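Numbering of residues begins at 1 and proceeds along the displayed sequence. Keep in mind the model is a prediction, meaning the values are calculated, not measured.
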Amino acid sequence: SKNKRQNENFSDGYFAAFDLQAEFIYAINPETFTIVYINKAVREYYPDASPVGMTCHEVFMDKDSPCQNCPVLKLLQTGERKFSQIHRPDGMTVFANASPLSRGGQNFILVSCTDISSINYEIEEERNQYRDAVLSEAVCSYQADITDNMIYRAPIFNAPEYTLTANLSFPMCYDDY
């Protein structure tokens with residue numbers, strides 16, 4: 001069968017290095033989006049059933065058709081390697097990219113997905129901490145104007161909730177500083 005012949009293209013040690021990677025790496029048929037190869041990370045994430053033979057959007061996104069921001073679609077449409085951030089239904093957020101691959105005289109698409117869920121969480125936490133610091137005036141900007149001998153205090157960004165500290169009044173005179 002065609003699937004068996006495609007799987008044979010990936011049966012040797014050609015992709016052994018992909019099994020050492022933490023990323024989900026898989027190869028698909030570009031015409032059908034059917035998965036023809038998966039690395040160890042994918043096999044371990046789906047231990048009960050192999051996704052080989054199913055479409056990537058069925059397995060990873062629980063959809064009947066490719067995702068709107070699918071890097072494979074972008075590659076097929078433009079011929080250029082594209083990257084996408086994809087939010088999966090299982091809560092995982094991945095940074096995905098697709099590359100053309102020729103193996104055994106056949107064309108495939110190699111897809112690599114890096115789990116960035118914890119990175120996104122850390123970035124959001126840092127944003128919240130920074131926002132709290134700005135709103136509490138722990139982070140602000142002081143601007144001096146020597147023409148009128150005054151210091152002006154301004155928030156780093158324009159936040160509608162921003163209020164001045166009760167014990168200081170701005171603008172203030174250099175002599176008071």
Side-chain angles (χ1 to χ4, degrees), residues 1-135 157-161:
S1 83
K2 187 175 180 181
N3 274 349
K4 183 177 179 183
R5 190 173 71 247
Q6 287 177 343
N7 288 337
E8 288 171 2
N9 286 324
F10 300 99
S11 62
D12 62 11
Y14 184 78
F15 290 94
F18 292 146
D19 279 342
L20 301 174
Q21 306 301 313
E23 291 83 8
F24 285 1
I25 300 173
Y26 56 96
I28 65 168
N29 176 317
E31 296 172 8
T32 64
F33 287 72
T34 302
I35 299 171
V36 297
Y37 164 82
I38 57 174
N39 75 336
K40 183 179 177 183
V42 178
R43 289 191 301 272
E44 288 177 350
Y45 196 80
Y46 297 95
D48 298 330
S50 174
V52 173
M54 300 174 68
T55 66
C56 52
H57 45 268
E58 287 174 320
V59 173
F60 302 117
M61 298 300 291
D62 198 25
K63 291 187 173 198
D64 295 330
S65 59
C67 309
Q68 185 177 16
N69 63 337
C70 174
V72 174
L73 283 178
K74 291 178 182 178
L75 175 68
L76 294 173
Q77 291 167 352
T78 66
E80 296 176 9
R81 194 170 162 210
K82 299 291 181 176
F83 298 87
S84 296
Q85 182 172 317
I86 300 171
H87 305 284
R88 294 173 26 143
D90 62 5
M92 183 186 294
T93 300
V94 297
F95 187 65
N97 70 74
S99 304
L101 173 71
S102 182
R103 180 86 172 128
Q106 293 182 296
N107 293 323
F108 301 96
I109 303 290
L110 187 66
V111 181
S112 175
C113 299
T114 303
D115 181 0
I116 60 170
S117 304
S118 63
I119 295 169
N120 279 351
Y121 175 78
E122 290 169 13
I123 290 170
E124 190 59 33
E125 283 295 305
E126 286 181 16
R127 281 187 185 142
N128 288 338
Q129 289 172 1
Y130 179 75
R131 183 176 183 278
D132 291 345
V134 170
L135 293 178
F157 68 91
N158 189 9
E161 310 92 311

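- Residues Thr55 and Thr32 are not in side-chain contact: their nearest non-hydrogen atoms beyond the backbone lie 4.5 Å or more apart.
- Annotation for Cys113 and Ala96: closest pair SG-CB, 3.8 Å, computed over non-hydrogen atoms.
- Side chain of Thr34 to main chain of Gly53: no donor-acceptor pair is present (N/O by atom type, distance under 3.5 Å, no hydrogens or angles).
- In this structure, the side chains of Arg43 and Ser50 stay at 4.5 Å or more apart for every pair of heavy atoms.
- His87 has its side chain within reach of Thr93: a pair of non-hydrogen atoms, C-beta onward, lies under 4.5 Å apart.
- Distance check: Leu101 CG to Ile28 CD1 gives 11.0 Å after rounding to the nearest 0.5 Å.
- A heavy-atom distance below 4.5 Å is found between the side chains of Leu76 and Ile109.
- Using a 4.5 Å heavy-atom cutoff, the side chains of Phe33 and Val111 are not in contact.
- In the model, Asp90 has a side-chain atom that pairs as donor or acceptor with a side-chain atom of Tyr45 under 3.5 Å.
- Asn69 places no side-chain N or O within donor-acceptor distance of the main-chain N or O of Ser84, the cut-off being under 3.5 Å.
- Here Asn97 contributes atom CG and Glu23 contributes atom CD; the two are 9.5 Å apart, rounded to the nearest 0.5 Å.
- Looking at every heavy atom in both residues, Pro100 comes nearest to Leu75 through N-CD2, 3.7 Å.
- Looking at heavy atoms from C-beta onward, Ile86 lies in side-chain contact with Pro71 at the 4.5 angstrom threshold.
- More than 12 heavy atoms of other residues, nucleotides or ligands lie within 6.0 Å of NZ in Lys74, so this atom counts as buried by the packing criterion.
- The distance from the OG atom of Ser65 to the NE2 atom of His57 is 6.0 Å, given to the nearest 0.5 Å.
- The shortest side-chain heavy-atom distance between Arg88 and Met61 falls under the 4.5 Å cut-off.
- If you look at Tyr26 and Phe60, their ring centroids are closer than 6.0 Å.
- Gln85 CD to Ile116 CD1: the interatomic distance, rounded to the nearest 0.5 Å, is 4.0 Å.
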Hey, mind stepping through Val52 and Ile38 against side chain to side chain contact (heavy atoms under 4.5 Å, CB included) and telling me if it holds? CA-CA 7 Å; Val52 173; Ile38 57 174; 4.0 Å; yes
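- Side-chain contact between Val72 and Cys56 is absent, with no heavy-atom pair separated by less than 4.5 Å.
- For the pair Asp115 (side chain) and Met92 (backbone), a donor-acceptor distance under 3.5 Å is absent.
- Ring orientation note: the planes of Phe24 and Tyr46 are tilted relative to one another, at an angle of 30° to 60°.
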